[in-house]
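The sequence lines fix the lettering, A, B, ..., with proteins before strands; numbering per chain opens at 1.
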Amino acid sequence: MTSETITREFFERPPLVCAKEMLGCQLTWGDTAGIIVETEAYAEHGDEASHAFFRPTTRTFIKDLPPGTLYIYLNYGVHWLLNFLTKGDDLRGFVLIRALQPVAGVDLMRKRRRLEGEKMLCSGPGKLTQALGITAQWHGKDFFSVPGVRLTRNRKRPRLAIDRRIGITKSPEFEWRFFIADSEYISFKKRKPAPDP
DNA sequence: ACACGGATACTA
DNA sequence: AGTATCCGTGTC
């Protein structure tokens with residue numbers, strides 16, 4: 001099976017493009033790994049849900065650091081959330097990793113999560129960081145300089161599904177959440193289709 | 001439906 | 001220093 005390693009050029013594109021293209025890629029983090037099955041995009045400009053909209057330090061972060069830098073922060077005082085900085089020419093922002101399908105180190109994930117069920121291990125942005133052992137110690141680090149960590153594409157493009165982002169109150173209308181349509185490992189069931197008029 | 005939780009960044 | 005903010009999870 002061919003396996004292509006993702007390099008920095010991947011992230012030299014807009015967050016919407018990267019968020020879609022990361023689906024189906026394998027994220028390896030030390031002794032654990034998972035297929036990315038769900039992502040969300042956040043834009044530097046025009047997106048009120050992005051930290052860049054209300055935090056000067058996040059705008060500085062985007063300006064000063066290279067594409068592929070990890071942006072990790074604590075949410076609700078409990079969960080670390082993993083984001084990648086992406087920089088297209090004039091469209092910059094972040095991709096939030098929201099769910100993985102576990103493929104390696106599953107027993108270690110179970111131990112860290114104190115859970116047995118495989119589908120529960122990484123089916124949420126806070127769950128997957130706990131399963132992979134990700135904390136703020138990698139915040140601001142260049143993904144391509146972290147030992148034992150890599151992104152690879154080792155399967156054909158999955159069938160995409162699109163929906164609104166989850167858990168936000170600002171700019172809720174943007175359909176910037178992407179997931180693998182038939183995956184059993186996403187964080188949130190697909191919204192019911194709108195009833196016929 | 002609701003409690004839990006704390007680092008961060010911004011104000012003063 | 002003090003406080004408002006927050007892109008969730010698990011259990012009720």
Side-chain angles (χ1 to χ4, degrees), chain A residues 11 14-23 27 29 32 34 36-65 68-87 91-102 109-141 143 161-180 183-191:
Chain A
F11 292 106
L16 279 164
V17 174
C18 293
K20 291 178 213 174
E21 300 242 339
M22 288 178 85
L23 294 176
L27 173 64
W29 198 284
T32 56
I36 297 172
V37 297
E38 179 180 344
T39 60
E40 283 178 358
Y42 289 84
E44 179 183 23
H45 299 298
D47 178 8
E48 296 185 40
S50 171
H51 282 188
F53 191 84
F54 59 93
R55 283 191 183 178
T57 51
T58 302
R59 292 195 284 272
T60 305
F61 186 102
I62 294 171
K63 179 166 67 68
D64 290 348
L65 296 172
T69 301
L70 297 168
Y71 184 88
I72 301 170
Y73 72 97
L74 190 68
N75 183 251
Y76 294 108
V78 184
H79 312 287
W80 296 104
L81 268 56
L82 173 67
N83 298 260
F84 287 78
L85 175 60
T86 94
K87 301 174 82 164
L91 292 172
R92 311 188 289 190
F94 297 97
V95 175
L96 169 66
I97 309 301
R98 284 198 56 91
L100 304 175
Q101 174 179 346
M109 293 183 187
R110 287 197 179 100
K111 185 180 167 192
R112 287 170 171 160
R113 295 269 297 127
R114 301 184 179 91
L115 279 176
E116 290 299 314
E118 193 169 320
K119 287 176 186 164
M120 306 290 289
L121 291 175
C122 299
S123 56
K127 297 177 186 179
L128 71 91
T129 53
Q130 186 182 17
L132 271 53
I134 295 171
T135 67
Q137 85 180 88
W138 290 281
H139 176 62
K141 296 278 194 294
F143 179 78
I162 300 180
D163 205 340
R164 293 182 173 201
R165 296 178 293 185
I166 289 177
I168 57 168
T169 55
K170 306 281 190 168
S171 299
E173 68 279 12
F174 295 138
E175 298 198 320
W176 285 1
R177 172 173 172 253
F178 308 98
F179 54 99
I180 296 180
S183 175
E184 301 280 314
Y185 296 87
I186 65 173
S187 70
F188 208 82
K189 283 197 171 142
K190 192 164 72 166
R191 192 176 56 193

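Residues satisfying the side chain to side chain donor-acceptor pair (under 3.5 Å) test with A/Tyr71, not counting sequence neighbours, are A/His51, A/Thr58. Under the salt bridge (Lys or Arg N to Asp or Glu O under 4.0 Å) criterion, A/Arg59 pairs with no residue, sequence neighbours left out. For A/Gln101, there are no side chain to side chain donor-acceptor pair (under 3.5 Å) partners at least two apart in sequence or on another chain. Residues meeting the side chain to side chain donor-acceptor pair (under 3.5 Å) test with A/Arg92, sequence neighbours left out: A/Glu44. A search for side chain to side chain donor-acceptor pair (under 3.5 Å) contacts involving A/Lys127 returns A/Ser123, not counting sequence neighbours.
Between A/Leu81 atom CG and A/Leu96 atom CG the span is 5.5 Å, to the nearest 0.5 Å. Interatomic distance, OG of A/Ser187 versus CG of A/Leu100, reported as 11.0 Å (0.5 Å rounding).
Within the structure, side-chain hydrogen bond (donor to acceptor under 3.5 Å, both in side chains) contacts touching residues 128-138 of chain A (residues at least two apart or in different chains) are A/Arg113-A/Gln130.
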Could you please spell out the steps behind the ring-ring contact (aromatic ring centres under 6.0 Å, His included) verdict for A/Phe84 and A/Phe143?
-> CA-CA 8 Å; A/Phe84 287 78; A/Phe143 179 78; 5.1 Å; yes

Would A/Ile166 and A/Arg177 satisfy side chain to side chain contact (heavy atoms under 4.5 Å, CB included), going step by step from the backbone distance to the final call?
-> CA-CA 8 Å; A/Ile166 289 177; A/Arg177 172 173 172 253; 3.4 Å; yes

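Here A/Arg114 lies out of heavy-atom contact (under 4.0 Å) with every strand. A/Phe94 comes within 4.0 angstrom of nothing in the nucleic acid, heavy atoms only. Base contact: A/Leu96 has a heavy atom under 4.0 Å from a base atom.
When DNA chain B is scanned in the 5' to 3' direction for atoms under 4.0 Å from non-hydrogen atoms of chain A, the outermost contacting nucleotides are B/dG5 to B/dC10. Once you apply a 4.0 Å limit to the heavy atoms of chain A, the touched nucleotides of DNA chain C run 5' to 3' over C/dC6 to C/dG10.
Contacts between residues 70-84 of chain A and DNA chain C, defined by a heavy-atom separation below 4.0 Å, involve A/Tyr73, A/Asn75, A/Tyr76, A/His79, A/Leu81, listed by number. Contact check of residues 44-62 of chain A against DNA chain B (heavy atom, cut-off under 4.0 Å) returns A/Arg55, A/Pro56, A/Thr57. Sorted by residue number, the members of residues 117-127 of chain A with any non-hydrogen atom under 4.0 Å from DNA chain C read A/Gly124, A/Pro125, A/Gly126, A/Lys127.
Cation-pi contact between A/Arg98 and A/Phe178: absent, since separation from the ring centre below 6.0 Å together with deviation from the ring axis within 45° is not met.
Closest approach of A/Ala99 and A/Leu128 over heavy atoms only: N-CD2, 3.6 Å. Nearest heavy atoms, A/Ile168 versus A/Ser171: CD1-O, 3.8 Å. Taking both residues in full, the closest heavy atoms of A/Leu82 and A/Leu27 are given as CD2-CD2, 4.0 Å, listed atom of the first, atom of the second, then distance. Nearest heavy-atom pair, A/Ala43 versus A/Pro15, reported as atom, atom and distance to 0.1 Å: CA-CG, 4.5 Å. When all heavy atoms are compared, the tightest approach of A/Leu132 to A/Met109 is CD1-CE, 3.8 Å. Taking each heavy atom of A/Glu48 and A/Lys170 in turn, the nearest pair found is CB-CB, 3.5 Å.
Between A/His79 and A/Tyr73, a ring centre-to-centre spacing not shorter than 6.0 Å is recorded.
In DNA chain C, runs of at least 3 stacked Watson-Crick or G-U pairs (N1-N3 plus N6-O4 or O6-N4, or N1-O2 plus O6-N3, all under 3.5 Å) give these stems: B:1-4 with C:8-11, B:6-11 with C:1-6.
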